Protein chains: 2
Amino acid sequence: MLKISKLTDYSTVVMAYLAQFPEKMHNAKDITAQTHIALPTVSKILKALTKSGLLLSHRGAHGGYSLANAAIKITIADIITAMEGKPGLTECSHNNTLCALQPTCAIAGNWQTISSIVYKTLEKISLQDMVLLKGSHLQHHFNGEEHIK
Amino acid sequence: MLKISKLTDYSTVVMAYLAQFPEKMHNAKDITAQTHIALPTVSKILKALTKSGLLLSHRGAHGGYSLANAAIKITIADIITAMEGKPGLTECSHNNTLCALQPTCAIAGNWQTISSIVYKTLEKISLQDMVLLKGSHLQHHFNGEEHIK
DNA sequence: TATAATTAGTACTATAGAGGTCCTATTTTA
DNA sequence: TAAAATAGGACCTCTATAGTACTAATTATA
């Protein structure tokens with residue numbers, strides 16, 4: 001149902017936690033304790049986010065992870081992209097050659113457009129929005145700007 | 001990667017085809033021939049869309065399917081909802097009780113908001129947009145309205 | 001009224017992908 | 001040198017999706 005994966009979902013939880021103490025270094029065990037996500041899962045997420053450049057890692061004793069950028073510069077779109085690759089609603093949103101229907105499909109171009117609209121929407125929501133503003137404020141944020149017309 | 005399912009994707013192709021000849025009745029075999037989607041799959045899709053009220057069906061000889069409403073009244077959101085249920089980006093977008101993290105999850109409310117923003121975006125795109133306007137026009141349609149701010 | 005055409009409904013199977021776990025190597029601090 | 005962490009895979013299990021097939025019900029028409 002137009003879902004992001006559970007891992008991606010968890011990633012936003014983890015990122016949101018890290019964003020609350022941006023200057024501090026957090027190790028996987030610490031994050032598990034705070035978020036109640038299983039340790040191996042947290043570990044997997046942290047590795048993926050690091051590889052994509054959203055987190056910085058530091059090995060060894062007193063090592064851990066921290067945000068690579070300010071929370072206001074990191075968007076929901078960034079997190080989804082890091083975990084799942086660039087989002088596209090359909091196969092043909094990226095790769096025109098994959099779909100067998102392509103030659104007769106009248107609407108392929110539209111899906112690329114729609115995907116990009118959704119992506120831009122997600123790019124407008126920062127990690128900071130998630131953490132500081134909490135639910136209702138985010139709502140006003142968008143309503144106030146007449147985001148959806 | 002934030003995908004809709006293949007069946008849903010096909011559904012939009014089928015709906016778009018039907019919308020090109022709204023007054024005519026089309027049977028499953030006809031639609032298969034035109035869209036190049038396998039017959040059993042087309043059949044499955046047509047049944048689902050009928051059950052959700054997007055299509056009207058007529059049994060027996062010379063029976064078939066036709067749009068239940070004008071193409072301009074049917075939105076992409078309608079089609080996705082018909083095939084997959086109301087879209088929500090995360091588990092907790094609908095059901096607050098499902099997620100084990102809920103008590104400590106700081107961002108659940110935000111996902112509900114974001115899901116609803118995405119949904120509203122998809123509600124703004126009609127089947128008519130898909131069929132008549134074709135790719136580039138749809139783009140202008142949204143750019144012109146400064147849809148994404 | 002019989003027949004052919006067509007949808008309705010249900011049940012089944014196979015496959016891919018997601019989620020989750022664990023092990024070993026590497027790096028860094030103290 | 002030892003302990004504390006992350007890095008990087010390998011691996012397993014389970015679920016949901018996609019696709020298929022079969023039978024029943026309905027309708028037009030000859």
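Source: prediction; values computed, not measured. Per chain, numbering begins at 1; letters A, B, ... match sequence-line order.
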Contact check, side chains of L56(B) and T50(B), non-hydrogen atoms, under 4.5 Å: no
Kindly indicate whether the side chain of M15(B), heavy atoms from C-beta on, has any atom under 4.5 Å from the side chain of L67(B). yes
Whole Å only: how far is the CD1 atom of I37(B) from the C1' atom of dT17(D)? 16 Å
Taking 4.0 Å as the cut-off, does a side-chain nitrogen or oxygen of S5(A) come that near to OP1 or OP2 on dG19(C)? yes
Relative to the 5' end of DNA chain D, which residue comes earlier, L39(B) or G60(B), by the nucleotide with the nearest heavy atom? L39(B)
Figure out the CG/C1' separation between N27(A) and dA5(D), and round it to whole Å. 7 Å
Measure CE/M25(A) against P/dA4(D) and give the value in whole Å, please. 17 Å
What's the CG-P distance between D9(B) and dG19(D), to the nearest Å? 11 Å
If the cut-off is 4.0 Å, is Y10(B) near the phosphate of dT17(D), judged by side-chain N/O to OP1 or OP2? no
Side chain of A61(A) - closest among dA28(D), dT29(C), dT21(C): dT29(C)
Please work out which of the three classes, parallel, tilted or perpendicular, describes the rings of Y17(A) and H26(A), given edges at 30° and 60°. perpendicular
Looking at DNA chain C, which of residues 44-59 of chain A put a heavy atom within less than 4.0 Å of it? K44(A), H58(A), R59(A)
For residues V14(A) and I31(A), determine if any side-chain heavy atom of one lies less than 4.5 Å from a side-chain heavy atom of the other. yes
What is the distance from NZ of K6(B) to C1' of dG19(D), rounded to the nearest Å? 10 Å
Is the closest side-chain donor-acceptor distance between T8(B) and S11(B) under 3.5 Å? no
Give the rounded distance in Å between these two atoms: NE2 of H26(B) and C1' of dT6(C). 15 Å
Distance-only donor-acceptor check, side chains Y10(B) and S5(B), under 3.5 Å: no
Nearest-Å distance for atom pair CE/C1', residues M83(B) and dG19(D): 13 Å
Side-chain donor-acceptor contact under 3.5 Å, T75(A) with E123(A): no
How close or far is atom P of dA4(C) from atom NZ of K29(B), stated in whole angstroms? 14 Å
